[in-house]
Asker: 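Structure incoming, see below.
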Amino acid sequence: MPDRDHLMDERYDPKKIEPAWQAEWDRTNLYLTREDPGRPKFYILEMFPYPSGAGLSVGHLHNYVPCDVVGRYKRMAGFNVLHPMGWDAFGLPAENEAVLKGSHPTETVPRYAANFKRQLIISGCAYDWSREINSSSPEYYKWTQWFFLMLHKRGLAYRATGAQWWCDKCGTVLANEQVINGCCWRHTDNPVSKKDLEQWYIKITDYADRLLADLDGIDWPEPIKLMQRNWIGRSEGAELAFPVAGHTGKAVRFFTTRPDTVFGVSFMVLAPEHPLVAEITTPSERAKVENYVADARRQTEIERMSTAKEKSGVFTGAYAHNVFTDKDIPIWIADYVLMGYGTGAIMAAPGEDQRDFEFATKYGLEIPRVTASADGTAPPADRAYSEPGVAINSGFLNGKKTSEAITAVCQYAEQHGIGRATINYRMRDWLISRQRYWGCPIPIVYCKTDGIVPVPEDQLPVMLPPMKDYLPPGTGRSPLANVPDFVNTTCPKCGGPAERETDTLDGFACSSWYFLRFASPHEDERPFDRRSVDYWLPVDLYVGGAEHAVMHLLYARMWTKVMFDEELIGFDEPFPALRNQGVVWATDGQRMSKSKGNVVTPDAMIEKYGADALRLWELFMSPFDEATNWNETGVSGTLRFIQRVWTMMRRYAGAGCPAGNPTDETLKRTHKTIQLVTDHIERLRFNTAIAAMMDHLNHLAKLKPEEMGRFPAESFILLLAPMAPHVTEEIWRALGHTASVHLEPWPTFDPNLVRDEMVTVVVQVNGKVRDRLEVPAGTSEVDVRALALKSGAVKRHLDGKPPTKFIFVKDKMLSIVV
RNA sequence: GCGAGAGUGGCGGAAUGGCAGACGCGCUGGACUUAGGAUCCAGUGCCGCAAGGCGUGGGGGUUCAAGUCCCCCCUCUCGCACCA
């Protein structure tokens, strides 16, 4: 018990009781996770936050408070709850701030993390802080490096050269999915460009099929699953090759989803960046082609991706041989063909593809028609016919339905060495190198004799060296390249001189396995203790913003599948249940940000209203998963609610906490409220859970202490405890309990008592409500009819006409049709 | 352009096809009070004295009954954006 001479002052004063209980919970280790094999486990986790210097806003709490409620509720409901918190601490903002202000990330990051932690504590969130982790600590990133080496060992990490997305504000490369509308995901107003660089990739495409298929078995919001499906972008078709005329051994390889239209292929198109372009372009066309290529490279991605602009392209002078029609067809280049999808080349079937149709029309190319509609109607002349139908003008395919023709072409292609049926994915491999200082060093050494050599496990971690100056060297390499002591090393294989990799890992690497670390955060022999992971994982409820739909959630799923394949863990989906909290916009409807000056902090709200009132408002203001604008005036409503609870309970405690004689109605309402609140919390419907509590309070507050009685009083406090932990603790102790309310079992209801004895049956005449009858529950249709027909209002609306039909819904409604 | 979600009082929002607007904010009136930005009571979708009528973005439909299901349209938010 806290050292206080009395509990429950006359006035509710959150500033007095909240810090006192927070200190008491800390002193008694109330929220330490206890491994207890006798109880079912429940692992609830919020997405790994990046501790920014701006601190938490009331918007962030819209995620943390609901999760805290679920954790507290599950604990009371008998679960062994793991609810940890840690910091995704590597990243650009800290490094940029360091460059700008000369501060050091190793100083700012812990300071900012400590501030986040303080804010979470004053908000009453019950984390097990003994499990706090920090992805930028060597104890953690040692194992991030270990995972990278495991991926490397399994052939899933490789180096490749090519044009990479580059953000000049980040000063680093970006993966495909980190480019949003042609801009960087962290600098959404900064268009990205392309740079030719050699980089590390993770072969996530090897997992494309499983990442797609396993979405079916997990309980995630459908929109998120859809985004992942679209991102993976599986499409079935064929990869075929047509030889280039006059270039023996050279062929244009291409992917198509409509191999059945090969007889209608009248030209081919390569992406401007396609390697074949330089080889096959004829001297007479060279100048035009080089111009076009240079032009395409100069355009921003936004311009190039615009679907609105007219198609353009140039002829290379070269021809490919369509092996189906036995005709030579011109090879063009055009920027509507993307180097990053398929093979960067297409067969153009202008009769069946609208884009090819537009291109052929513009440049006067032939438009054969090789698909007729199945029902015999004539295909439109002014556009492509892209729906399935029946093959025509197509040699051995004539008369075959589109699906049959596809199979036939694939068989033919395979037999004649032209190609084969295949599956293509939109998703590209994950570019994981970053030319930055403040990240996890890639544990690789380059040796003149031995080439690319992984750092042996017993030499991990490759420590990030202390630096004074983080200015990038301007060579496209990371600032680490400026540290000779770091770069120069010896080859682990031959012992000769070697250089370290100076790039660091994308921050998403750190968040691809952190959920495992929480099971055994202090393990130093392995990334995690298998027994603890088997007990706690997978995460039972994962909660975070929808903005991570494709990046973080795809990477974390992939790493989990690799660990499963490596037999490190026994499950292959990390987050069987995912929920997205709604965004809280600022009062002005914009994103809360320091620069806009519209950030509302929990600190200010707690100062004004107390943490419990703030928490209740966070829960009550809108459905958990729906976006809303911050509106402070509502907090006074939840504060008033707490004050009314306070007044009522103080009166009850003052009367000596009588067991009392609650009326049937009070008992019934109590049981109903327990049922409602339990159900609503289970379904994350916190706003309606609180509405049910308010409704119940409106009844209880009218009663004298002995009319209310102990069971209604105590169960009210227990139901409120996860949502308003401080005030309920104060009241609980004032009711005479010595143990914490948060260790009490969750109240249960009697199903027999939640049923109503009297019900209101609505009487409708021709669909309109004309009367309401109070009858005992279960009253038969015959009796309700008799009562209804006696009703004055009903008689008036029947107007003497005989009823033709009755519809009766027991205990609800009688509908009379005349 | 394609895909997904949403549109209900002055505001946030409730409603397994069965009483639209629970609960709260705000507002109005009243009580208590030296005072009220405290507390308590009453009222609060629109029209109407009333009976009643009208109401869930707009238009159609299914049904005894539609905020909820179906079709068309409008607006907003999010995602993808020539994916062959």
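In what follows, chains carry the letters A, B, and so on, assigned in the order in which the sequence lines appear, proteins first and then strands, with residues in each chain numbered from 1.
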Asker: Determine whether the aromatic ring centres of residues F267(A) and F359(A) are separated by less than 6.0 angstrom.
Answerer: yes
Asker: Output yes when D756(A) and K672(A) qualify as a salt bridge under the 4.0 Å nitrogen-oxygen rule, no when they do not.
Answerer: yes
Asker: Please tell me if R685(A) has a side-chain N or O lying less than 4.0 Å from either OP1 or OP2 of C23(B).
Answerer: no
Asker: Distance between the C1' atoms of U62(B) and U68(B), in whole angstroms?
Answerer: 14 Å
Asker: When you compare C73(B) with A84(B), how far apart are their P atoms, in angstrom units rounded to a whole number?
Answerer: 26 Å
Asker: Rounding to the closest angstrom, what is the interatomic distance between G37(B) and A51(B) at atom P?
Answerer: 37 Å
Asker: Between C25(B) and G13(B), how far apart are the two P atoms, rounded to whole Å?
Answerer: 16 Å
Asker: Using O4'-C1'-N9-C4 for purines and O4'-C1'-N1-C2 for pyrimidines, with syn meaning within 90° of 0, is G9(B) syn or anti?
Answerer: syn
Asker: Ring of W231(A), cation from R557(A) - is the NZ or CZ under 6.0 Å from the centre and inside 45° of the axis?
Answerer: no
Asker: Atom CD of Q354(A) and atom P of C83(B): how far apart are they, to the nearest Å?
Answerer: 11 Å
Asker: Given the C1' atoms of G58(B) and G67(B), what is the spacing between them in whole Å?
Answerer: 15 Å
Asker: Could you work out the separation of C41(B) and G57(B) based on their P atoms and round it to a whole Å?
Answerer: 34 Å
Asker: Does R426(A) place a side-chain N or O at less than 4.0 Å from the phosphate oxygens OP1/OP2 of A81(B)?
Answerer: yes
Asker: Contact class for G233(A) (heavy atom, under 4.0 Å): base, sugar-phosphate, or nothing?
Answerer: nothing
Asker: Phosphate oxygens OP1/OP2 of G26(B): is one of them under 4.0 Å from a side-chain N or O of R640(A)?
Answerer: yes
Asker: When you check the phosphate oxygens OP1 and OP2 of G13(B), does a side-chain N or O of N631(A) lie under 4.0 Å from one of them?
Answerer: no
Asker: What is the distance, to the nearest angstrom, from the CZ atom on R383(A) to the C1' atom on G1(B)?
Answerer: 15 Å
Asker: Any salt bridge between E607(A) and K15(A), counting N to O under 4.0 Å?
Answerer: yes
Asker: Establish, with yes or no, whether the OP1 or OP2 oxygen of A14(B) is under 4.0 angstrom from a side-chain nitrogen or oxygen of N687(A).
Answerer: yes
Asker: What's the gap between C83(B) and C72(B) when it is taken at their C1' atoms, as a whole Å value?
Answerer: 31 Å
Asker: If the cut-off is 4.0 Å, is R796(A) near the phosphate of G52(B), judged by side-chain N/O to OP1 or OP2?
Answerer: yes
Asker: Using atom C1' of each nucleotide, how far apart are A81(B) and C2(B) to the nearest Å?
Answerer: 8 Å
Asker: Can the ring centres of W332(A) and Y363(A) be said to be less than 6.0 Å apart?
Answerer: yes
Asker: Are any of Q643(A)'s side-chain N or O atoms less than 4.0 Å away from OP1 or OP2 of U39(B)?
Answerer: yes
Asker: Check the distance between G26(B)'s P and E632(A)'s CD and give it to me in whole angstrom.
Answerer: 12 Å
